[in-house]
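Report on one structure; see the data block that follows.
Read the numbers this way: they start at 1 and go in the same order the structure lists the ligands and their atoms. Residues take their numbers from the sequence shown, with the count starting at 1.
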Amino acid sequence: MKNEKLWGGRFEQSLESWVEEFGASITFDQKMAEFDIKGSIAHAKMLGQTGIIDLVEAETLVKGLEELLAEYHEGKLVFDVTNEDIHMNIEVLLTQKVGAVAGKLHTARSRNDQVATDMHLYLKYHLGDIIERLSHLRHVLVALAEKHVKTIMPGYTHLQHAQPISLGHYFMAYYSMFTRDSERFEFNISHTDISPLGAAALAGTTFPIDRELTAELMGFEAIYTNSLDAVSDRDFIVEFLTNASLLMMHMSRICEELVSWCSNECQYITLSDTFSTGSSIMPQKKNPDMAELIRGKTGRVYGNLFSLLTVMKSLPLAYNKDLQEDKEGMFDTVETISVSIDILAGMLESMTVNEERMLYSTEKDFSNATELADYLATKGIPFRKAHEIVGSLVLECTQSGNFLQDVPLSRYKELSDLIEDDIYDVLQSKTAVERRNSYGGTGFMQVLQQIDQAKTQLTS
Ligand code: ARG
C-alpha cells in the first residue's frame, strides 16, 4: 500500500494508525495554528517578491492562507491526526482550497524552521500578554499598599512574631518580586523576538531567499545568524519556563500566607465568597481553594521546566523529533501562569482585611521587645546589655502573663532609672512601625516613598 503522506515518496508502506498517533502532534500543536498561518503568509510573500515562485502564484497562496486564517478564527478549521502536525494540516487544507499550487509553499522551507518560527511567534505574543497581566497585579498591590500604609500587622521571622510592620510594606515586598518577574519576561522577549525562518532543515537553502523580509513581515526584531542554532535552539523556552517557575514561587508564597491569614488562628483577612468554596460535608466551611490551587500548580510549572531541560540535555545538532516534546509544557505553563496571575489579583482585590484583628495580634505579643532594647541603647546602655535586661523582663512577663506595655513604671525604674514614662508610647505597635524610618524600612514615610517610586515605574 502506497504511503500517502506529504513525505511519503520514499516509503513502500504506511504507518500503523496507533504508531501514527504516537508520532503526531496535531492534538496540541494546533494551539499555534494562527502563528503557523501567519508565518506561511510571510514566507509566501517572500517567495513571490524574490521571484523564487511566480508572483501570481504567491498571491494565490497568500489569499488562500488568509481565508484559512479567517476560517480558523471562526472555529471552522478541522484538523486530522493523519496529517500529523499543524504544519501539514494547514498545507493539506490549503491544497483543498487552492489546488496543486499549494505544493509550492514549502519551497526553501522545512518544518524544522517552520515549527521553530511558530514557537517564537507564539511565545512572543504570550510574553507580552503575561507582562500585561503582571502589570495589573502590580497595580492591585500598589493600590492595596496605599490603602494600608498605616495598617499594622505582625512581621514574622521563623513564623514567630518578630516586629510589627505596615501591611502596605508587606504588599510592596510582593510588588518588588513581581516587578523583577516582569523584567525577566521582558528580557526573555529579546531572546524570543528572533526569526529562525530560512534556516530550512538545518543548513540554509540554495534558493535566493530574503530572511530579513520574512522577519520584517512577521514583526521580528532580528534573525538567527546560524541555521543550526536556529532550528535547534529552545533556550528561549527554557528561559520562559525558568522565569515562570520563579513567578509561581512568588505567587505560591503569597498564597501560602493568604491561606494561613484566613485561618481561624489568624483571621487577618476574609476572602470574598466569589473566590472561595465550601465543603460537601461540613456546612460551616469556607475554603481558600484558589490560593491553594496556585500553590499546587507551582509543582506542574517546575515540572515543565525540568521536563524540557531533560529533553534538551543530550540532543545532538540539529533537529531531533525529541523537540516535539517542547510544546505541551510551554502551552501548559502559559495557560497556568496567565490564569493564576488573574486569580491572585482578583483574590487580593476582593478580600477584606481585618485591620483590628491584625493590630490586636501585635499587642498581645512581645514584638515590641526590640523597641525597649533600642530605647535603652539610645540612652547609652550598650545594646548587648539592653538586650539582656529586656530578655529577662520578657521571661518575667511570660511567667506573670503580662506584656511589656503592662509593666508599671516603678518596675521599669528598678531595671534602669533611665526609663521614663514616654516608654509606653515607644512600646506601641504603631509607634514602632512609624519610627522604622531607615531607607527601605517599614516606617510610613518609607512605605509612601516606595509607593511613589512604584507608581512612576508603572506609568513609564
Ligand atoms: N511536529 C514537529 C515538531 O513539533 C514538526 C517538525 C517536524 N520535523 C521533522 N523533521 N520531522 O517538532
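Aromatic ring centres of Tyr174 and Tyr170: separated by under 6.0 Å.
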Open item on the list: As a quick check of understanding, evaluate side-chain contact (heavy atoms from CB on, under 4.5 Å) for Ile86 and Asp118, giving each step before the final call.
Closed with: CA-CA 10 Å; Ile86 187 61; Asp118 292 7; 4.2 Å; yes
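By the 30° and 60° cut-offs, the orientation of the rings of Phe220 relative to His120 is perpendicular. Aromatic ring pairs are classed by plane angle as parallel below 30°, tilted from 30° to 60° and perpendicular above 60°; the pair Phe178 and His250 is perpendicular. A tilted orientation is assigned to the rings of His148 and Phe171, their planes being inclined by 30° to 60°.
Screening residues 243-267 for salt bridge (charged side-chain N to carboxylate O under 4.0 Å, His left out), with sequence neighbours left out, gives Glu256-Arg295.
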Go ahead and list the nitrogen or oxygen contacts between ligand 1 and the protein that come in under 3.5 Å, distances to 0.1 Å, or just say none.
residue  : atom   : partner : partner atom : Å
ligand 1 : 1 (N)  : Ser25   : OG           : 3.1
ligand 1 : 1 (N)  : Asp85   : OD2          : 3.1
ligand 1 : 1 (N)  : Gln324  : OE1          : 2.8
ligand 1 : 4 (O)  : Lys327  : NZ           : 2.6
ligand 1 : 8 (N)  : Asn112  : OD1          : 3.0
ligand 1 : 10 (N) : Asn112  : OD1          : 3.1
ligand 1 : 12 (O) : Tyr319  : OH           : 2.4

